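Okay, so here's the structure we're looking at.
Note that this is a predicted model, so its numbers are computed, not measured.
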Amino acid sequence: MLKRAIQPVLEKSLTSFPVVGLVGPRQAGKTTLAQALARNTRNNFVFLDLEKPSDLAKLEDPELYLRNFADRLVILDEIQRKPNLFPVLRALVDEFRRNGRFLILGSASPDLLRQSSESLAGRIIYHELSPFTLSEVGFGPVKMKKLWIRGGFPLSFLAKSGDQSFQWREAFLSTFLERDIPQLGFRVPSVTLHRFWKMLAHYHGGLWNGSAIAGSLGVSPPSARHYLDLLNDTYMIRQLHPYFANLGKRLVKSPK
């Protein structure tokens with residue numbers, strides 16, 4: 001595994017906060033990084049994948065179960081699957097405050113950040129893990145071209161061939177649109193969102209023009225904006241907001 005630039009920052013946060021959140025897109029390497037980090041910094045730790053029914057069943061009484069591991073680092077993967085855990089984590093942290101008690105991983109930001117702001121304010125720090133960056137894979141024309149063509153998702157970038165990388169990306173898009181989006185509670189037709197995503201790729205680095213995209217897609221501008229926010233909140237795209245000395249202009253001008 002390539003060494004991730006964020007790893008020292010996470011190690012420091014675990015010594016300073018009771019709860020550390022690592023968020024980012026699916027398949028960006030959050031689980032691999034969290035487990036490697038735990039092995040390097042802890043003698044033992046507990047890992048729960050909340051997409052596994054067996055691990056989810058352990059948290060039927062989360063307070064009773066998690067209280068047994070007050071002296072260990074507990075990693076909770078895909079935390080957005082069980083947002084009602086946040087009040088329990090708050091209570092456990094307040095009951096026995098120790099830095100580095102919980103490391104929570106999530107693939108979507110809206111519920112995660114909303115719940116934490118209600119329940120874990122002052123107890124948690126968040127970090128975002130993006131796919132591989134150029135500084136992580138190494139500079140040079142060959143690495144730059146490979147990263148540009150394959151993207152930074154680890155399984156795509158590290159695939160044995162270009163064909164395997166392309167097949168992985170196609171499967172990723174299909175799974176994300178048909179399974180992950182509905183599981184997060186969004187009701188958007190996968191075909192429509194797929195078309196919107198492709199259209200958005202042609203505006204890469206350009207100013208957002210919701211009316212033009214909505215007209216081409218056959219939807220209303222508010223719907224196009226909703227799709228944009230959805231992909232942004234699941235870390236599939238990034239919006240670069242404009243910078244002006246006038247704060248009001250920053251809020252109303254179109255992002256890239």
Side-chain angles (χ1 to χ4, degrees), residues 1 4 6-7 10-11 13-129 154-155 172 175-176 178-186 233-235:
M1 184 186 75
R4 305 309 304 267
I6 199 176
Q7 187 165 334
L10 284 173
E11 291 174 354
S13 293
L14 284 170
T15 65
S16 305
F17 288 85
V19 187
V20 177
L22 182 62
V23 295
R26 280 186 177 273
Q27 300 297 316
K30 297 185 299 295
T31 302
T32 302
L33 175 60
Q35 291 179 334
L37 182 67
R39 293 188 187 100
N40 291 338
T41 60
R42 298 291 190 278
N43 292 326
N44 51 36
F45 63 94
V46 177
F47 179 84
L48 296 175
D49 182 353
L50 302 189
E51 289 196 329
K52 289 176 61 177
S54 57
D55 283 353
L56 203 55
K58 295 175 183 177
L59 296 176
E60 290 184 357
D61 189 340
E63 184 178 354
L64 179 63
Y65 180 81
L66 294 174
R67 186 175 277 124
N68 294 321
F69 306 109
D71 59 338
R72 302 191 201 179
L73 171 65
V74 178
I75 302 175
L76 299 168
D77 199 1
E78 301 299 347
I79 188 71
Q80 73 278 352
R81 300 276 297 180
K82 198 171 177 64
N84 59 349
L85 269 181
F86 285 103
V88 177
L89 298 183
R90 179 195 58 76
L92 292 174
V93 166
D94 290 348
E95 182 181 274
F96 176 60
R97 192 165 184 115
R98 177 180 64 80
N99 292 334
R101 283 198 66 180
F102 298 101
L103 176 58
I104 62 175
L105 316 179
S107 301
S109 63
D111 289 339
L112 193 60
L113 296 177
R114 177 177 57 80
Q115 291 285 346
S116 67
S117 65
E118 292 173 357
S119 306
L120 291 173
R123 306 167 182 87
I124 188 170
I125 184 171
Y126 274 101
H127 298 288
E128 181 182 339
L129 180 69
L155 293 179
F172 175 81
T175 303
F176 175 78
E178 296 173 8
R179 185 182 74 96
D180 295 343
I181 290 295
Q183 283 185 350
L184 291 170
F186 298 107
D233 289 339
T234 50
Y235 302 103

* Asked: Under the salt bridge (Lys or Arg N to Asp or Glu O under 4.0 Å) test, which residues partner Arg81, sequence neighbours left out?
  -> none
* Structure fact -> The salt bridge (Lys or Arg N to Asp or Glu O under 4.0 Å) partners of Glu178 (sequence neighbours excluded) come to none
* Asked: Got a sec, which residues hit side chain to side chain contact (heavy atoms under 4.5 Å, CB included) with Pro18, two or more places apart in sequence or on another chain?
  -> Val93, Arg97, Asn99
* Asked: For the side chain of Arg90 and the backbone of Leu85, is there at least one donor-acceptor N/O pair under 3.5 Å apart?
  -> no
* Structure fact -> Sequence neighbours excluded, the answer for side chain to side chain donor-acceptor pair (under 3.5 Å) partners of Glu128 is Arg238
* **Option passing side chain to side chain contact (heavy atoms under 4.5 Å, CB included) with Tyr126 (candidates Val19, Val20, Val23)** => Val23
* Heavy atoms only: give me the nearest Arg39-Phe45 pair and the separation to one decimal. => CG-CE2, 3.8 Å
* Listed by chain and number, what are the salt bridge (Lys or Arg N to Asp or Glu O under 4.0 Å) partners of Asp71, not counting sequence neighbours? -> none
* To do: Could you pull out the closest heavy-atom pair between Leu50 and Leu59, with the gap in Å?
  => CD2-CD1, 3.5 Å
* **Charged N-O contact under 4.0 Å between Lys52 and Asp77** => no
* Any sub-3.5 Å donor-acceptor pair from Lys30's side-chain atoms to Gly24's backbone N or O? -> yes
* To do: Applying side chain to side chain contact (heavy atoms under 4.5 Å, CB included), name anything that partners Glu11, two or more places apart in sequence or on another chain.
  => Gln7, Leu37, Thr41
* Nearest heavy-atom pair of Leu129 and Ile6: which atoms, and what distance? -> CD1-CG2, 3.7 Å
* Asked: Residues two or more places apart in sequence or in another chain: which of them pass ring pair (Phe, Tyr, Trp, His ring centres under 6.0 Å) with Phe17?
  -> none
* **Interatomic spacing from CZ in Phe47 to CG in Asp55 - rounded to 0.5 Å** => 7.5 Å
* Asked: Partners of Asp49 by side chain to side chain donor-acceptor pair (under 3.5 Å), sequence neighbours excluded?
  -> none
* **Listed once per pair and sorted, the ring pair (Phe, Tyr, Trp, His ring centres under 6.0 Å) pairs that draw on residues 54-76, sequence neighbours left out** => Tyr65-Phe69
* To do: Taking all non-hydrogen atoms of both residues into account, name the closest pair between Val88 and Pro62 and its distance.
  => CG2-CG, 4.0 Å
* Pairing residues for Asp61 by the side chain to side chain contact (heavy atoms under 4.5 Å, CB included) criterion, not counting sequence neighbours -> Glu63, Leu64
* Taking ring pair (Phe, Tyr, Trp, His ring centres under 6.0 Å) as the test, write out the residues that go with Phe96, two or more places apart. => none
* Arg26 and Asp180 ion-paired at < 4.0 Å -> yes
* To do: Would you check if the side chain of Arg101 reaches a backbone N or O of Val74 as a donor-acceptor pair within less than 3.5 Å?
  => no
* Structure fact -> Taken in chain and number order and not counting sequence neighbours, the residues that satisfy side chain to side chain contact (heavy atoms under 4.5 Å, CB included) with Glu95 are Arg67, Leu92
